[in-house]
Novice: 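Let me begin by handing over the structure; questions about it come next.
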Amino acid sequence: MVVVPPGRATRLARLVTELTAPAVLVSVLTLVVGWRAAGGAHGLAWGLLATLFASGIPFAYILGGVRRGRLTDHHVGVREQRRVPLLFGLASAAAGLALLAALGAPRPVLALVAAGVVGLVVAVAVSHWWKMSIHTAVAAGAVVVLVLTLGPRLLVVAPLPVLAGWSRVRLRDHTVPQVVVGGVVGAAVAGLVFAALR
C-alpha cells in the first residue's frame, strides 16, 4: 500500500477539488451531451449555450461575491452563505432551460439542464439545514449522465464521485455523510430526471 505524505495528500486533494468543482464538471458535461445530441460544431454550440446558463453565469456571480467579500471562497464553503448563490444558479439554469426550449435545443441538452434545475432545488432545500456536498452530487450525476449518453464503457469514470468526496473530506470541507448523501442525491436526480427526459 502506497502512503501519501500528509502535505502531498492535501495538495492532491486541493487539485482534485478544483478539477471536480461543479462548474468544471457541468461545463464538460454540457459540451459532451450537446456534441453527442447534435454532432459537430452545431452540437458544441448547443452545449456552449447550456454551459453559459448552467455554470458560466452562476460561477461568475460566485467569483463576484468572493471579490466583494460576501463569500469566503469560490466553493462557498460556509453553509450559511450558500442560499443566495444557489438561488441565483437556479434562476440562471431555469432561464437557460426556457431559452434552450424556445430555440429548439436537442432533448438531451434540455434533459441535462432540467436535471440541473431539479438538483439545484434539492440543494437549496437541503443547504438550509445541512451542508450536503455539491461536489459529489454533481460528480455522481455526471457519471450517470455519461453512462446514459455514451454507454457502459463510461463506467470507467465511476470513481469520480469517490475522488471528489475524498478531496472534500481531506480538506475538512465536508464530513463523510455529507459527501455520501451528495453522491446519492446527484445520482438519483440524474438517473430519474435526465433518464426520463432525454
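For reference, positions follow the sequence shown, starting with 1. Side chains are part of it too, since the values below use all heavy atoms of this structure and drop only hydrogens, waters and symmetry mates.
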Novice: Who are the side-chain contact (heavy atoms from CB on, under 4.5 Å) partners of Val185, not counting sequence neighbours?
Specialist: Val122, Met132, Val181, Val189
Novice: According to side-chain contact (heavy atoms from CB on, under 4.5 Å), who are the partners of Val28, at least two apart in sequence or on a separate chain?
Specialist: Val32
Novice: Do Leu52 and Leu110 belong to the same hydrophobic cluster, where Ile, Leu, Val, Met, Phe, Trp and Tyr are linked whenever their side-chain heavy atoms lie under 4.5 Å apart, directly or via other members?
Specialist: yes
Novice: Show which residues join Ile62 in its hydrophobic cluster (side-chain heavy-atom contacts under 4.5 Å, direct or indirect), or state none.
Specialist: Val66, Leu71, Val76
Novice: For Val26 and Ala54, work out which heavy atoms get closest and say how close.
Specialist: CG1-CB, 3.8 Å
Novice: Roughly how far, to the nearest 0.5 Å, is the CG atom of Asp173 from the CZ atom of Arg14?
Specialist: 10.0 Å
Novice: Using every non-hydrogen atom in the two residues, find where Gly47 and Leu31 come nearest and quote the distance to one decimal.
Specialist: C-CD2, 3.8 Å
Novice: Taking ring-ring contact (aromatic ring centres under 6.0 Å, His included) as the cut-off, I'd like each qualifying pair that reaches into residues 119-155, sequence neighbours left out, listed once.
Specialist: His75-His135
Novice: Where the side chain of Gln178 meets the backbone of Thr175, is there a donor-acceptor pair that is under 3.5 Å apart?
Specialist: yes
Novice: Do Ile57 and Leu29 belong to the same hydrophobic cluster, where Ile, Leu, Val, Met, Phe, Trp and Tyr are linked whenever their side-chain heavy atoms lie under 4.5 Å apart, directly or via other members?
Specialist: yes
Novice: Could you pull out the closest heavy-atom pair between Leu197 and Arg107, with the gap in Å?
Specialist: O-NH2, 2.8 Å
Novice: Scan the side chains in residues 37-44 for donor-acceptor partners under 3.5 Å anywhere in the protein, sequence neighbours excluded, and list what turns up.
Specialist:
residue : atom : partner : partner atom : Å
His42   : NE2  : Trp46   : NE1          : 3.1

Novice: So which atom in Leu25 and which in Leu19 form the shortest heavy-atom distance, rounded to 0.1 Å?
Specialist: CD2-O, 4.0 Å
Novice: Return the minimal non-hydrogen interatomic distance between Ala94 and Val117, and the atom names on each side.
Specialist: N-CG2, 3.9 Å
Novice: By side-chain contact (heavy atoms from CB on, under 4.5 Å), which residues pair with Ala50, not counting sequence neighbours?
Specialist: Thr30, Leu100, Val109, Val113
Novice: Check the hydrophobic clustering (I, L, V, M, F, W, Y; side-chain heavy atoms under 4.5 Å; chains of links allowed) and say if Ile134 and Leu171 are grouped together.
Specialist: no
Novice: How long is the span from the CG atom in Leu15 to the OG atom in Ser167, to the nearest 0.5 Å?
Specialist: 9.5 Å
Novice: I'd like to know if Leu49 and Leu90 are part of one continuous hydrophobic network [Ile/Leu/Val/Met/Phe/Trp/Tyr, side-chain heavy atoms within less than 4.5 Å].
Specialist: yes
Novice: Got a sec, which pairs hit side chain to side chain donor-acceptor pair (under 3.5 Å) with one end in residues 94-104, sequence neighbours left out?
Specialist: none
Novice: So, the side chain of Lys131 versus the backbone of Glu80: is there a donor-acceptor pair under 3.5 Å, distance only?
Specialist: no
Novice: Between Arg168 and Thr136, is there a donor-acceptor pair closer than 3.5 Å when you use the side chain of the first and the backbone of the second?
Specialist: no
Novice: Salt bridge (Lys or Arg N to Asp or Glu O under 4.0 Å): which pairs involve residues 178-198, sequence neighbours left out?
Specialist: none
Novice: Ser27: which residues meet the side-chain hydrogen bond (donor to acceptor under 3.5 Å, both in side chains) condition with it, sequence neighbours left out?
Specialist: Ser55
Novice: Would you mind writing out the side-chain donor-acceptor pairs for residues 141-166 within the sub-3.5 Å range, not counting sequence neighbours?
Specialist:
residue : atom : partner : partner atom : Å
Thr149  : OG1  : Val145  : O            : 2.7
Arg153  : NH1  : Leu150  : O            : 2.7
Arg153  : NH2  : Leu150  : O            : 3.4

Novice: To the nearest 0.5 angstrom, please state how far the CG atom of Leu87 sits from the OG atom of Ser127.
Specialist: 10.0 Å
Novice: Residues two or more places apart in sequence or in another chain: which of them pass side-chain contact (heavy atoms from CB on, under 4.5 Å) with Leu192?
Specialist: none
Novice: What pairs of residues pass the ring-ring contact (aromatic ring centres under 6.0 Å, His included) test when at least one of them lies in residues 76-112, not counting sequence neighbours?
Specialist: Tyr61-Phe88
Novice: Do Val138 and Val126 land in one hydrophobic cluster if side-chain heavy atoms of ILVMFWY residues count as linked below 4.5 Å?
Specialist: no
